[in-house]
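As structure tokens, the structure follows; a few thoughts come after it.
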Number of protein chains: 2
Amino acid sequence: MADTDGKPPLGTVVRESKAPAIARASAILRLLGRSDIPLGLQPIARKLDLVPSTCLYVLRALVAEELVSFEPQTKRYSLGSGLLSLARSWLHRDPFAGLAQPMIDEIANRFGVTCVAVEISGLDRFTAVAVSKAGGNFRLSTEVGSRFPALISATGRCIAANGAFEEKRLRARFDKLRWDDPPSFEEWQAQVAEARERGFGLDAGHYIAGVTVLAAPVFKAAGAPSHALSATALSRTLTPDAIPELADALIGKCNLLSRQISQAA
Amino acid sequence: MADTDGKPPLGTVVRESKAPAIARASAILRLLGRSDIPLGLQPIARKLDLVPSTCLYVLRALVAEELVSFEPQTKRYSLGSGLLSLARSWLHRDPFAGLAQPMIDEIANRFGVTCVAVEISGLDRFTAVAVSKAGGNFRLSTEVGSRFPALISATGRCIAANGAFEEKRLRARFDKLRWDDPPSFEEWQAQVAEARERGFGLDAGHYIAGVTVLAAPVFKAAGAPSHALSATALSRTLTPDAIPELADALIGKCNLLSRQISQAA
DNA sequence: GAATGCTATTCAATATATCGAATGGCCGAC
DNA sequence: GTCGGCCATTCGATATATTGAATAGCATTC
């Protein structure tokens with residue numbers, strides 16, 4: 001009975017890992033990902049507060065694993081193509097992205113919107129795992145791998161609506177969000193309640209001015225949603241009566257997906 | 001004068017890394033990528049010859065970095081969405097993929113072929129970094145992140161043709177390749193020579209039976225090609241006089257790309 | 001043209017990540 | 001219901017990865 005709620009003890013932040021090289025490696029990869037140009041050893045070490053020699057050893061190991069590529073001429077490092085390989089494995093392994101792709105393509109074409117399928121990581125964030133652009137659309141595009149804070153936009157309202165989170169935790173996360181037109185917490189909670197009732201979340205110009213986003217949740221298991229589908233369009237291109245229709249389409253696909261990925265487990 | 005040829009001493013294989021945790025982490029990631037289902041600690045440790053406790057520490061570090069995801073219920077591990085994020089950074093960072101995408105789309109549409117842009121990693125392999133599917137094509141598709149041994153197919157002939165490699169090394173690599181219809185080494189060398197003269201590589205049904213592949217090299221710097229574009233089609237759908245035309249289109253795009261990515265550096 | 005600041009890299013001492021055995025918990029067998 | 005085997009996990013001893021200073025190579029400065 002000690003662990004019935006299934007969560008690991010929340011206070012147990014891994015203060016000091018038993019494999020610090022991996023945290024360092026990951027930090028290096030993220031740094032190289034953020035940088036537009038290849039970086040030398042010293043800039044990397046300085047930025048990450050690493051001892052240069054240690055940093056060098058980590059980099060060499062990463063190069064050996066082809067996660068980082070190294071230009072011998074300039075002695076500069078950048079991300080390696082091995083990452084693409086692993087990402088491909090990820091997409092292969094997770095059935096959700098493959099199942100969702102044709103569905104979001106269909107909705108995108110039918111309604112002329114941009115559709116995104118995301119994976120939800122608790123209250124931390126959600127990550128785009130499939131993206132569909134409407135044919136002659138404006139550039140409302142995201143890429144696979146983009147990440148968003150969990151409670152933002154329409155998807156955020158779905159997440160808040162379908163998980164039993166304490167108000168205190170929600171508020172703490174909510175306060176850190178960046179919106180073009182920030183709603184008050186109370187306003188937002190009302191919209192979350194609405195999302196719970198209607199089965200889809202709606203963000204009308206709050207997240208990005210002039211842009212309307214709809215989202216519906218997908219459940220792998222009962223409880224919190226594991227994934228979601230969202231549809232994005234310029235607000236003025238969405239006629240008022242198109243919204244319920246679009247919402248129905250999203251919800252329909254989400255229900256289908258929920259069945260498909262839960263029966264697989 | 002000691003290092004004028006710019007290459008690191010070839011015999012210096014990093015026998016034992018100074019950051020073994022990273023090699024272990026990478027092996028775990030690849031293993032999880034290959035597996036269809038999430039794996040428990042013990043299967044991972046056994047398969048990779050790791051001490052379970054060490055493996056656990058590495059896994060925990062990877063989970064903390066979101067490169068691996070962990071199901072507390074079943075205590076199983078699988079690839080995490082953080083990899084997608086890094087891969088997105090990769091695509092962002094490398095101008096080649098972005099520049100090549102519209103070009104291969106155009107060629108794919110014009111000739112009804114499948115086009116792939118690849119990054120070349122020496123004599124080891126090449127990796128698909130952008131893929132374009134022709135509209136109503138058969139399923140001759142690859143995915144971004146797929147890897148191929150360096151000397152295979154039409155791209156392999158380009159690599160062999162444009163680098164000054166010793167015959168001994170070439171032969172060693174060549175002998176390990178898998179073809180549907182393997183050419184003899186002499187036959188293949190003749191085709192490599194032809195690729196050098198004509199500026200593009202051709203594989204007519206050797207790599208995959210019934211499939212013809214063309215490829216042309218892209219040079220970031222003088223010497224060995226850094227990237228390549230390839231076009232793939234069912235052999236019977238390619239009329240004989242379409243091949244030179246397709247080759248010209250590929251070569252034209254490759255020259256353009258060579259200028260674009262070299263002037264950037 | 002010499003010197004200075006930077007770089008990447010090596011090396012020996014030590015803090016520590018790794019190992020292997022021991023623990024406790026879970027599930028299925030009998 | 002009890003036992004047995006497998007699992008994930010902890011823990012102390014030790015091999016070793018990490019550290020910080022010292023070395024060597026370049027490019028730019030004066």
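Note on naming: letters A, B, ... go to the chains in the order of the sequence lines (proteins, then strands), and numbering restarts at 1 for each one. Just so you know, these numbers come straight off a predicted model, no measurement behind them.
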Provide, to the nearest angstrom, the distance between the [atom1] atom belonging to [X] and the [atom2] atom belonging to [N].
X	N	atom1	atom2	result
Arg76(A)	dA27(D)	CZ	P	12 Å
Leu48(A)	dT19(D)	CG	P	13 Å
Ile22(A)	dT18(D)	CD1	C1'	15 Å
Gln73(B)	dC26(C)	CD	P	13 Å

**Fill in**
Going 5' to 3' through nucleotides 7-21 of chain C and flagging B where a protein heavy-atom sits under 4.0 Å of the base, S where only the sugar-phosphate is that close, and - otherwise, we get SSBBB-----SBBB-
**Message:** Which residues pass the side-chain contact (heavy atoms from CB on, under 4.5 Å) test with Arg93(A), not counting sequence neighbours?
**Reply:** Trp90(A), Ser78(B), Leu79(B)
Quick one: salt bridge (charged side-chain N to carboxylate O under 4.0 Å, His left out) partners of [X], sequence neighbours excluded?
X	answer
Arg171(B)	Glu186(B)
Arg173(B)	Asp124(B)
Arg157(A)	Asp203(A)
Arg147(B)	Glu66(A)

**Contacts of type side-chain hydrogen bond (donor to acceptor under 3.5 Å, both in side chains), residue Gln42(B), not counting sequence neighbours** = none
**Counterpart residues, side-chain hydrogen bond (donor to acceptor under 3.5 Å, both in side chains), relative to Asn255(B) (two or more places apart)** = none
**Asked** Side chains of Glu143(A) and Ser146(A): donor-acceptor distance under 3.5 Å anywhere?
**Response** no
**Complete:** Computed from five pairs at either end and rounded to 10 degrees, the angle between the axes of the helix from dG1(C)-dC30(D) to dC30(C)-dG1(D) is 30°
